[in-house]
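Working notes, structure below.
If you read the sequence from its start, that first residue is 1, and numbering goes on from there.
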Amino acid sequence: MENKEKTAEQPLHDVSTGTMADVEAVMKKYDRESNVRVWEGVPKTVIHYLMAAFAVYCIIDAIFLTTIQEIRYPFFLGMIVLLGFLTFPVRKGCERPNHIPWYDIVIMLVGSGAFFFYAANALTVIKMSAKIMANPLYMTVGVIGILALVELCRRCVGLPILCVAGVLVVYALASGIRFPQLVRTLFFTANGIFSTPVSVCVKYISIFIIFGAFLERTGVADFFIRFANAAVGRFVGGPAKVAVVASALEGMASGSSVANTVGSGSITIPMMKRMGYRPEFAAAVEAAASTGGQIMPPIMGAAAFLMAEFTGLPYGRIALMAILPAVLYFAGIFIAVHLEAKRTGMKGIPKEMLPKPRELVREIYLLLPLIALIYLVGTNTFTMAYSATLSIIVAMVVGVIHKIIPHIGFSKDGEEEQEAGEKPSLSFRWILDAFEGGARSSITVVVACGIAGIISGCITVTGLASILLGTIVALSQGYVIVALVLTMLCCIVLGMGVPTTANYCIMAGVCAPILIALNVEPVAAHFFVFYFGIVADITPPVALAAYAGAAIAKSDPMKTGFAATKLAVAAFIVPYVFALNPAMLFVDVDGVMTVVQICITSLLGIFGIAAALNGFLARRLNWLVRIILALAGLCMVVPGTVSDLVGFVTLGAVVAYEFGMRTKEENPRGNA
């Protein structure tokens, strides 16, 4: 205990030795977006401006351009391929400054040229239609374009999604689809690469990624961490609760599990370890909480924009529907963290180490871009692209204000002091950096969406979706719960190493229709596959977010993955709740009390299951009590008044018994 108290005196933002130096290495290992070429001098400046120019083009395209999609989409992907090969080397470790092999230059020029050729000859392609299969030039262009996109995907996304795409291409050819027909479908129609996923990237996703880059550079992420410290840091298990709250808040502005884990985890994980948490648990908390960022409104993950397109609902409505499930997800992690802290006797962060409320109040203006986005999206007055653009402008203004206002520090005794030598900064370089960062982050998402288009194209042209529909319906025997379990397994297996966006695209085209055919509410079916595609990031054996957290915590990756899965138990329960009773998504709501009942019973159910998994309530629990708690929790999660009452009574009886026994153990004489 003395050692804990001593280490707790370290500054709040200090991290364990070497951790900050390892952050970049962790990102490069688990986040392929971080494995980039090293450019210096003039080449760096040229690429920097080229990226920023592309980001500006994305905004102009989404808001002002009215040219046909056969021109816009290929040109957009051509720029992505060009910038992608300038950014990502052929393999990890190719970090020699200003070096790009001759073969990369050839692939880059020929690959992007294929897309530019399509854009330049779009009207000819439309006129030729099916006759294009007999034209060797266009078939060659199509093959080159597909292969270039595949190679770029290998570099910046990874092999798992390519394995899925490769199997389906082989299946299509084995099913009797002629090679020219497949090339035409995948490259020259709206059923392949240029299908809904890429379309949504052009219209919405790229702009929102740029908005996220601006938010990051305004300092809002650091504000969220300090706010979380001030809000919950002093309570039992404070450091872990800070990680949960901070990640939930950061999730409103970012949708990357690995990036969130590494970004906030570089601060929260060492802090948790200093306070006495096991490394595996510390990494698991951050990974589970950061993964939930993709379901946290208003921005959520990029897949949420695709959901709006697939379901035909306004994005504002999708974000509103996501609120209650997201709250229950983070509440489940918060409860698990609290029980673990009580079980191990963890204390909060000393008050003198926490940020002062007045310090946070001075920077509340950092939230203005998010507030503007929520308002604009909620009013439905402007298009999504226009709302995001206006929010970017607000972020620019806020960022400039934040840069020029002199920063006030705090001395150890809490008195305000002006940081030595600090002067207001009038540099606008950060705006250019934000545009570049947004363009760079867009590359991976767009490429993943393009490959997802290839997968969905193969499924469409072969009729595989109908075959899978018949198979799952037959296996489930018409029982919705069985179909939900089978769909969950498909999403998790496919999501192991496959980006959430691509996972959702595939599942939305394959499994969501199956659930809808079994009378699951359409939007609930889409949310179901969306959730379990996200959960794959913390589900072993390929749990990238958990492994990234383990690398920072220096813990066992597999143990961290299982711990994160246990913490995120709500993510495995909540989707079943809204799939069986979509009132949680504000669909078919009989009244406000119906939603209130579902929220309360689901939360209590999650509490019971979390206590059962943790093995602690008022005291350590034996296996019989844990089983009873788990069953009571499941009863409350399953929609239905009778099951809710049974679960509520059982849970109440167990809680009363355990607290009564603890009181008796603590004061045996008074009960004699």
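- Annotation: Tyr531 is not in aromatic contact with Phe572 [ring centroid separation under 6.0 Å not met].
- Closest approach of Val244 and Ala289 over heavy atoms only: CA-CB, 3.9 Å.
- Side chains of Val482 and Gln477 form no contact here, defined as non-hydrogen atoms less than 4.5 Å apart.
- Between Phe330 and Phe334, the distance from one ring center to the other does not fall under 6.0 angstrom.
- At a threshold of 4.5 Å between non-hydrogen side-chain atoms, the residues Leu328 and Val577 do not count as touching.
- At a threshold of 4.5 Å between non-hydrogen side-chain atoms, the residues Leu320 and Pro297 do not count as touching.
- At a cut-off of 3.5 Å, with distance as the only test, no side-chain donor of Glu286 or Thr261 sits close to an acceptor on the other residue.
- From Phe223, atom CZ reaches atom CG of Leu215 across 12.5 Å, with rounding to the nearest 0.5 Å.
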Practice task
Test side-chain contact (heavy atoms from CB on, under 4.5 Å) on Phe528 and Leu515 and set out the steps.
Solution key: CA-CA 9 Å; Phe528 188 88; Leu515 298 179; 3.9 Å; yes
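- Using a 4.5 Å cut-off on side-chain heavy atoms (C-beta onward), Ile318 and Phe530 make no contact.
- In this structure a side-chain-to-backbone donor-acceptor pair under 3.5 Å is present from Arg626 to Leu613.
- A donor-acceptor pair under 3.5 Å links the side-chain atoms of Lys273 to the main chain of Ala553, judged by distance alone.
- Looking at His526 and Met507, their side chains never come closer than 4.5 Å, going by heavy atoms from C-beta outward.
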Practice task
Verify side-chain contact (heavy atoms from CB on, under 4.5 Å) between Asp644 and Cys635, making sure each step is shown before the conclusion.
Solution key: CA-CA 6 Å; Asp644 286 347; Cys635 282; over 6 Å; no
Practice task
Evaluate side-chain contact (heavy atoms from CB on, under 4.5 Å) for Ile333 paired with Val569, printing each intermediate quantity in order.
Solution key: CA-CA 8 Å; Ile333 300 176; Val569 63; over 6 Å; no
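- The heavy-atom pair separating Tyr329 from Ala568 by the smallest distance is OH-CB, 3.9 Å.
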Practice task
For Leu324 and Leu585, run side-chain contact (heavy atoms from CB on, under 4.5 Å): C-alpha distance rounded to whole Å, both residues' side-chain angles, the deciding distance at 0.1 Å, then the answer.
Solution key: CA-CA 7 Å; Leu324 289 182; Leu585 301 176; over 6 Å; no
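- Annotation for Phe586: atom CZ counts as buried by contact number, over 12 foreign heavy atoms lying within 6.0 Å.
- Using a cut-off of 4.0 Å between Lys/Arg side-chain N and Asp/Glu carboxylate O, Arg234 and Glu352 are scored as not salt-bridged.
- Annotation: the span from Leu621 atom CG to Asn614 atom CG amounts to 8.5 Å, rounded to 0.5 Å.
- Between Ala563 and Ala284 the shortest heavy-atom distance is CB-CB, 3.5 Å.
- Judged by distance alone, with hydrogens and angles left aside, the side-chain atoms of Thr601 form a donor-acceptor pair with the main-chain N or O of Ile598 at under 3.5 Å.
- No side-chain heavy atom of Asn229 sits under 4.5 Å from any side-chain heavy atom of Val245.
- Thr539 OG1 to Ile534 CD1: the interatomic distance, rounded to the nearest 0.5 Å, is 11.5 Å.
- Ser602 places no side-chain N or O within donor-acceptor distance of the main-chain N or O of Cys599, the cut-off being under 3.5 Å.
- With rounding to the nearest 0.5 Å, the separation of OH in Tyr576 from CG in Leu484 is 6.0 Å.
- Between Pro239 and Ile349, the closest side-chain pair of non-hydrogen atoms falls below 4.5 Å.
- In plain terms, the two heavy atoms of Ala545 and Ile538 that are nearest each other are CB-CG2, 4.2 Å.
- Among all heavy-atom pairs drawn from Ala483 and Leu518, the shortest one is CB-CD1, 3.2 Å.
- One side chain, Thr560 or Ser555, offers a donor N or O that lies under 3.5 Å from an acceptor on the other.
- For the residue pair Cys490 and Cys511, the shortest heavy atom distance occurs at CB-SG, 4.2 Å.
- For the atom pair CE of Met584 and CZ of Phe527, the computed distance is 11.5 Å after rounding to the nearest 0.5 Å.
- Counting heavy atoms of neighbouring residues, nucleotides and ligands inside a 6.0 Å radius, atom CZ of Phe281 exceeds 12 of them.
- Distance check, rounded to the nearest 0.5 Å: OH of Tyr504 to SG of Cys491 gives 10.5 Å.
- Taking the side chain as every heavy atom from C-beta outward, Lys554 and Pro279 never approach each other to under 4.5 Å.
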